Amino acid sequence: MKKAKLFGFGLTALALTVALAACGGGKKDSTDGKSAGGDADHSVVIVTDIGGVDDRSFNQSAWEGLQDWGKEHDLKKGADGFDYIQSNDASEYVTNIDTAVSNGFKTVFGIGYLLADSIGTAADANPDTQFGIVDSVIEGKDNVVSATFKDQEASYLAGVAAARTTKTNTVGFIGGEEGAVIDRFEAGFHQGVIDTAKELGKDIKVEIEYAASFGDPAKGKALAASMYQKGADIIFHASGGTGQGVFQEAKDLNETGSKDKVWVIGVDSDQDKEGKYKTKDGKEDNFTLTSTLKGVGAAVQDISNRALEDKFPGGEHLVYGLKDGGVDLTDGYLTDDTKAAVEKVKEEIIAEKITVPEVPKDVKE
């Protein structure tokens, strides 16, 4: 039976590594005017990357964090409290951010590094509005806070788990769009697999592909099908909504029983629900081996609380990693031996005995 690891990234326990050096159809706009129980001077909105607030990953985590913040302070959804504006295409970023500002929101978050340029431009044009960028760094602007995560650390743990679980000695990584953020996922995972394979005396192949999109489930499914066909039995995806296709392919294979069980490693939040399926003989099972966790929602909640106290950390770069609970790995369906090995490696990373690379070119074979 699955024993989920709780993500201890609460606001009271949150510790931040702060670097003061300069350091993700039609538009769906949920803002609907003024609402009771609001605080217009401290209202907050997130502008999502493509995939939306129901992507079961990055954007959804941010929205859930903002909803928790609103509930904590008895604020209502709307222009006087908190809300979201959904981007369905990159062409909507500028318009959506402008809408957020014109609707009077005091703090505007761009959720994902792909919104960085648009947030930076809006910050210059609106010096009295507070902006946050998640997964990127905007330098030299006193009205912008940057929040990034040590994704490579959690991904390294995922690599350890994959290497200790694979039966075929082939695992895969599927990224969304190439860039500095997904580089961290790829590099950490790849190095975790390599180091663990050496420790176990195994030769494990890592297949790596990119979908060139965070919102293309069909492409994710096709890439996953190819990887599983080549012998991979575990795929770690860092691809947002594209990952829904990875899960669908694994579900199709596992339900038909056309080959031995295949697994998916989830990203950014516990994607256990995505792995539920029924075996060929009708038994309930799950193929989400584990998931990397990323405190996007908690970061949004933390920064929103600072803004509410008139202590908005403009100009700062907040970095969240394993040491402060900013990233982590669920226990999922890992064996006890694998969980113990993951915990040991986690402690070594926190103690800086293991340095995890952030870019693929630094991965050491």
Side-chain angles (χ1 to χ4, degrees), residues 7-24 46 49 57-59 61-62 65-66 69 107 109-117 119-120 123 130-158 179-189 191-192 238 267-269 292-307 309 311-329 345-360 362:
F7 191 22
F9 191 43
L11 293 174
T12 57
L14 179 62
L16 300 178
T17 303
V18 179
L20 295 179
C23 329
I46 64 170
D49 197 354
S57 187
F58 191 77
N59 292 304
S61 176
L66 188 56
W69 175 78
T107 303
F109 284 95
I111 306 302
Y113 69 93
L114 293 176
L115 283 84
D117 289 345
I119 287 288
Q130 299 165 344
F131 293 89
I133 183 66
V134 177
D135 253 1
S136 187
V137 179
I138 294 177
E139 301 178 349
K141 301 186 191 299
D142 292 337
N143 62 332
V144 180
V145 59
S146 303
T148 62
F149 299 81
K150 295 182 180 180
D151 301 299
Q152 71 275 12
E153 294 182 345
S155 298
Y156 187 95
L157 301 183
V181 174
I182 307 304
D183 275 355
R184 294 198 288 267
F185 285 96
E186 179 192 331
F189 179 71
Q191 192 67 64
V267 70
D268 292 339
S269 61
T292 60
L293 299 176
K294 182 171 184 170
V296 178
V300 168
Q301 193 172 356
D302 173 60
I303 293 168
S304 298
N305 269 330
R306 296 189 191 202
E309 297 170 358
K311 297 178 180 178
F312 180 76
E316 296 184 16
H317 174 199
L318 311 182
V319 184
Y320 304 77
L322 278 178
K323 186 174 183 178
D324 47 47
V327 299
D328 211 330
L329 190 76
V345 169
K346 177 180 175 180
E347 292 172 358
E348 291 175 342
I349 293 173
I350 291 173
E352 300 181 355
K353 294 180 180 179
I354 295 176
T355 300
V356 184
E358 297 186 42
V359 291
D362 292 331

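When a residue number appears, it is its place in the shown sequence, counting from 1. Quick caveat: nothing in here was measured; it's all calculated off a predicted structure.
S136 is linked by a side chain to side chain donor-acceptor pair (under 3.5 Å) to nothing, counting only residues two or more places apart in sequence or in another chain. The side chain to side chain contact (heavy atoms under 4.5 Å, CB included) test applied to D117 returns no partner, not counting sequence neighbours. Qualifying side chain to side chain contact (heavy atoms under 4.5 Å, CB included) partners for I350, counting only residues two or more places apart in sequence or in other chains: L322, K323, K346. Judged as a side chain to side chain contact (heavy atoms under 4.5 Å, CB included), and not counting sequence neighbours, the contacts of K353 are E348, A351. Partners of Q152 according to the side chain to side chain donor-acceptor pair (under 3.5 Å) rule, which considers only residues two or more places apart in sequence or in another chain, do not exist here. Scored by the side chain to side chain donor-acceptor pair (under 3.5 Å) test, T148 finds H317 as partners (sequence neighbours excluded). Under the side chain to side chain donor-acceptor pair (under 3.5 Å) criterion, Q191 pairs with D195, not counting sequence neighbours. With sequence neighbours left out, the side chain to side chain contact (heavy atoms under 4.5 Å, CB included) criterion links A154 to T292, V327.
For the residue pair F312 and F131, the shortest heavy atom distance occurs at CZ-O, 3.2 Å. Considering every non-hydrogen atom in both G326 and Y320, the closest pair reads CA-CB, 3.8 Å. Residues V144 and A123 share a closest heavy-atom pair of CG2-CB, 3.4 Å. Across all their heavy atoms, A299 and F149 have their closest contact at CB-CZ, 3.9 Å. Between I182 and A238 the shortest heavy-atom distance is CD1-O, 3.7 Å.
Here the NZ atom belonging to K311 is positioned 10.0 Å from the CZ atom belonging to R306, to the nearest 0.5 angstrom. Distance check, rounded to the nearest 0.5 Å: CG of D328 to CD of E153 gives 10.5 Å. The CG atom of N59 sits 7.0 Å away from atom CD1 of I111, with the distance rounded to the nearest 0.5 Å. Here T107 contributes atom OG1 and I303 contributes atom CD1; the two are 9.5 Å apart, rounded to the nearest 0.5 Å. The CG atom of D302 lies 12.5 Å from the CH2 atom of W69; values are rounded to the nearest 0.5 Å.
Within the 4.5 Å cutoff, the side chain of L157 has heavy atoms near those of the I349 side chain. Put simply, the side chain of D135 reaches to within 4.5 Å of the side chain of K294, judged on heavy atoms. Between I354 and Y156 the shortest side-chain heavy-atom distance falls below 4.5 Å.
At least one donor-acceptor pair under 3.5 Å links the side chain of D324 to the backbone N or O of G321. No donor-acceptor distance shorter than 3.5 angstrom exists from the side chain of D268 to the backbone of S57, with no hydrogens or angles considered. Remark: side-chain polar atoms of S146 are not paired, donor with acceptor, to backbone N or O of I133 under 3.5 angstrom.
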